[in-house]
Amino acid sequence: MQFDPFVIPFEIGLYFILIYVVTRSVIWFRDLSKPDKLRLQRGFFGIAFGLSLKEIFMESLIHRRILKTNLRLGYMHMSLAFGWFLLILFGTVEADIFGAKHLNAPYKAIFFRFFNPDHGRTGFEAIYGFLMDLILAFILSGLLLAIIKRFYSKVVGMKRTTRLKLTDRIALTSLWLIFPSRLLAESFTCGAYGTGSFLTGSIGSWLATFLPAQQMAYPFWWLYSLSLGTFFILLPITRYMHIPAEIFLIFMRNSGIRTGDKAGTYSEVQTYSCSSCGICIDACQLNFSAGITNIQSAYLMKAIRNNDDVSEIAENCLMCGRCDQKCPVGIELSPIRMIQRRGGEAENDIRNIYKGYFRSRQTLIAEKEIIPSNYNFLKENEPGKADIIYFAGCMTHLTPAIKNSMVKILDASGLKYNFIDEQGGVCCGRPLMLAGQDKEARELINFNSQMIWKSGAHTLVTSCPICYKVFKESYYLDVKVLHHTQFIKMLIDDGLVKMNFLHKKVVYHSPCDLGRGSGVYDEPKEVLNHVSRLEKSNFEDKNSLCCGGSLANLKISSQAKRKVAFDAANALTSNNPDILATACPLCKKTFSAVTETKVADISEIVAEALIEKPIKLYSSSYLTSIKELANF
Amino acid sequence: MGKSNMEKFGFTILKGRQIDFDSNDRRIAEYIFEKEPSFRLCIECGGCTATCTTGNFTAFSLRELNILIKRGENDQVRQNLKKCMLCGKCTLVCPRGVNTRNVVVLAKKAFLKSDEYAI
């Protein structure tokens with residue numbers, strides 16, 4: 001018996017998906033920018049290739065990162081992906097060794113038991129059959145978890161699971177049917193012939209006791225083939241596209257391709273690589289504090305794939321970056337969201353099946369039109385010359401205690417500095433960027449750059465992480481940019497400021513733009529350790545919370561903001577610290593409104609501990625690290 | 001007549017202060033109300049204007065713009081909106097929790113839309 005009509009659905013699906021994936025890859029490659037094409041080529045023939053293969057094995061099959069985050073969820077993903085992979089691999093080998101001839105058609109391996117029902121009675125064949133049953137049991141255990149998760153997500157340690165659209169449901173159902181139908185088909189065949197190992201054999205012989213196994217097997221082989229075929233054909237327009245897309249993504253990432261600030265192949269591959277695992281949903285504070293459950297990154301990715309208008313979703317986000325940190329696929333979620341913000345409202349294009357399979361370039365967002373801003377009223381000014389300039393930032397002007405503390409510290413250090421926006425400065429430009437208005441932001445950036453350049457400074461100190469991030473990333477300045485916590489750390493190390501030790505219990509809240517956004521985790525904590533008793537919270541470093549006050553969210557209501565802030569403050573002050581310390585004026589302002597614990601910026605704590613009198617007036621060229629800065 | 005003689009003596013001729021709701025265009029205001037309901041909460045206290053970064057450099061009052069948008073006197077708003085830097089201080093000081101930043105963004109959007117559909 002070499003062929004049976006029931007294999008046709010499977011064959012159609014298989015060849016369809018193979019052709020589709022190849023076509024898609026060619027289109028993706030064609031649409032890459034020239035430098036990215038070169039990067040990918042170089043990556044493909046270099047060491048990156050090995051790294052990619054390793055990563056594909058560890059992430060696409062084993063799902064190491066999901067396992068790390070959540071063991072049960074990871075097991076579910078691993079059993080389905082790795083188990084299926086093993087089943088195909090060992091199935092092919094089995095068909096090759098034990099089949100009638102070598103190099104069989106793919107369906108021979110998949111439906112091996114049907115074509116070789118007498119196989120596996122003794123010796124090596126039986127051991128091999130045992131192995132195949134073991135793999136099937138492994139997959140089925142994961143499938144059981146998946147089914148339970150769909151109806152009761154807490155079982156796998158997830159608070160929420162993703163909502164699905166219709167095609168996703170059909171694909172999911174066909175995926176769920178694949179393995180049970182294989183189990184039953186094999187069991188009935190084994191039951192009829194008295195073969196099979198511990199799983200198929202025992203179920204088969206039990207079923208054969210009261211059912212006509214021979215007749216029952218055939219429909220289940222059909223079901224098995226049909227569900228495989230359906231799954232393959234629906235794969236490109238459902239979330240299961242992540243299976244091939246992730247492989248492409250891993251190669252691209254290891255070749256050094258990054259998202260950038262325009263939509264392109266890489267951002268598209270990333271949106272397709274999202275498996276909607278839902279880890280970002282559980283990480284999102286808007287979900288668990290404010291009850292906003294439709295804007296999380298998994299939904300954003302899905303909406304982009306479906307060509308929906310995502311402007312509402314894209315703008316309703318704190319941009320805290322918690323989901324970026326948690327994403328097991330390593331999708332650059334925040335940059336993609338920023339691209340959508342720049343794009344604004346998408347045109348509602350006609351959606352049809354073809355568009356689902358081949359998303360056209362035109363549906364990728366165009367440049368957003370907006371009433372051009374006009375900052376002609378800004379007059380050029382002549383800042384005083386100084387080596388060190390201090391830029392407080394808008395938010396710091398709203399929390400004068402921070403500003404005054406910094407002035408006190410700077411005065412005490414004896415360094416020559418210039419408080420460049422003492423009379424109120426121009427915004428740094430990041431708030432405009434976060435609203436997707438880059439051109440306008442550029443005007444402000446140019447204005448500030450000129451002012452900084454004219455001051456002739458080699459070091460720029462700022463108190464606001466929002467300013468810090470934009471100074472570092474979007475300004476092209478020949479100065480060293482420091483957040484005030486880094487600067488204070490330097491002053492302490494150089495012995496320029498002396499402090500008393502405050503006998504106070506302090507918990508540190510890491511601001512999003514400073515910590516996750518710019519990678520400054522240690523300096524603030526070292527400064528706090530120097531002047532007070534720093535206690536650990538449950539939300540350290542990469543896992544830190546957002547205060548909720550973020551300027552990045554245009555849509556959030558003040559009530560929802562308050563809820564996020566309230567929960568975050570409660571979580572951070574669970575050990576009753578004397579002070580909730582932060583390094584951001586905006587966090588300070590947001591937290592002050594919702595907690596009874598004293599909220600203070602690090603500069604305030606340092607200023608309080610400061611031994612006031614300048615120890616000695618230094619000239620800035622005298623000091624080691626300041627000197628290094630001058631040479632920067 | 002040119003400049004009237006009375007003006008030479010320190011008298012001025014004031015523009016009409018009537019608000020003509022028939023000729024005013026409330027569509028911008030309606031659009032913002034729909035998308036950002038908190039705009040209705042504004043009590044025109046002027047806190048936003050007092051803290052404004054742009055207001056530090058030039059004549060710019062968000063409070064005034066809010067009033068003008070609500071009245072439907074859009075011409076002045078259209079010109080002035082361009083000056084906003086979206087820094088967000090106004091939202092932070094607002095005692096009524098109005099999402100003023102979004103009001104400005106929405107107003108810009110609304111003007112773009114009304115330009116598109118203008119006859």
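Note on naming: letters A, B, ... go to the chains in the order of the sequence lines (proteins, then strands), and numbering restarts at 1 for each one.
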Taking all non-hydrogen atoms of both residues, which atom of A/K555 and which atom of B/E36 are closest, and how far apart?
O-OE1, 4.3 Å
Residues, nucleotides or ligands: over 12 heavy atoms within 6.0 Å of A/F566 CZ
no
For A/P431 versus B/L86, what's the shortest heavy-atom pair and its separation?
CB-O, 3.0 Å
Donor-acceptor pair, B/N56 side chain versus A/Q423 backbone, under 3.5 Å?
yes
Does B/N99 use its side chain to pair, donor to acceptor, with the backbone of A/I556 at less than 3.5 Å?
yes
Using every non-hydrogen atom in the two residues, find where A/M395 and B/C87 come nearest and quote the distance to one decimal.
CE-O, 3.1 Å
Checking B/R101 side chain against A/L554 main chain: does a donor-acceptor pair fall under 3.5 Å?
no
Proximal to chain A - members of residues 38-55 of chain B, heavy-atom separation under 4.5 Å
B/T51, B/T53, B/T54
Going by heavy atoms in the side chains, are A/E443 and B/M85 under 4.5 Å from each other?
no
Please identify, among A/I466, A/L444, A/N553, the residue contributing the most non-hydrogen atom pairs under 4.5 Å to chain B.
A/L444
If we only count heavy atoms from C-beta on, is the A/Y375 to B/K82 side-chain gap below 4.5 Å?
no
Any side-chain heavy-atom pair of B/K83 and A/F377 under 4.5 Å:
yes
If you define the side chain from C-beta out and look only at heavy atoms, does anything of B/T91 sit under 4.5 Å from A/K561?
yes
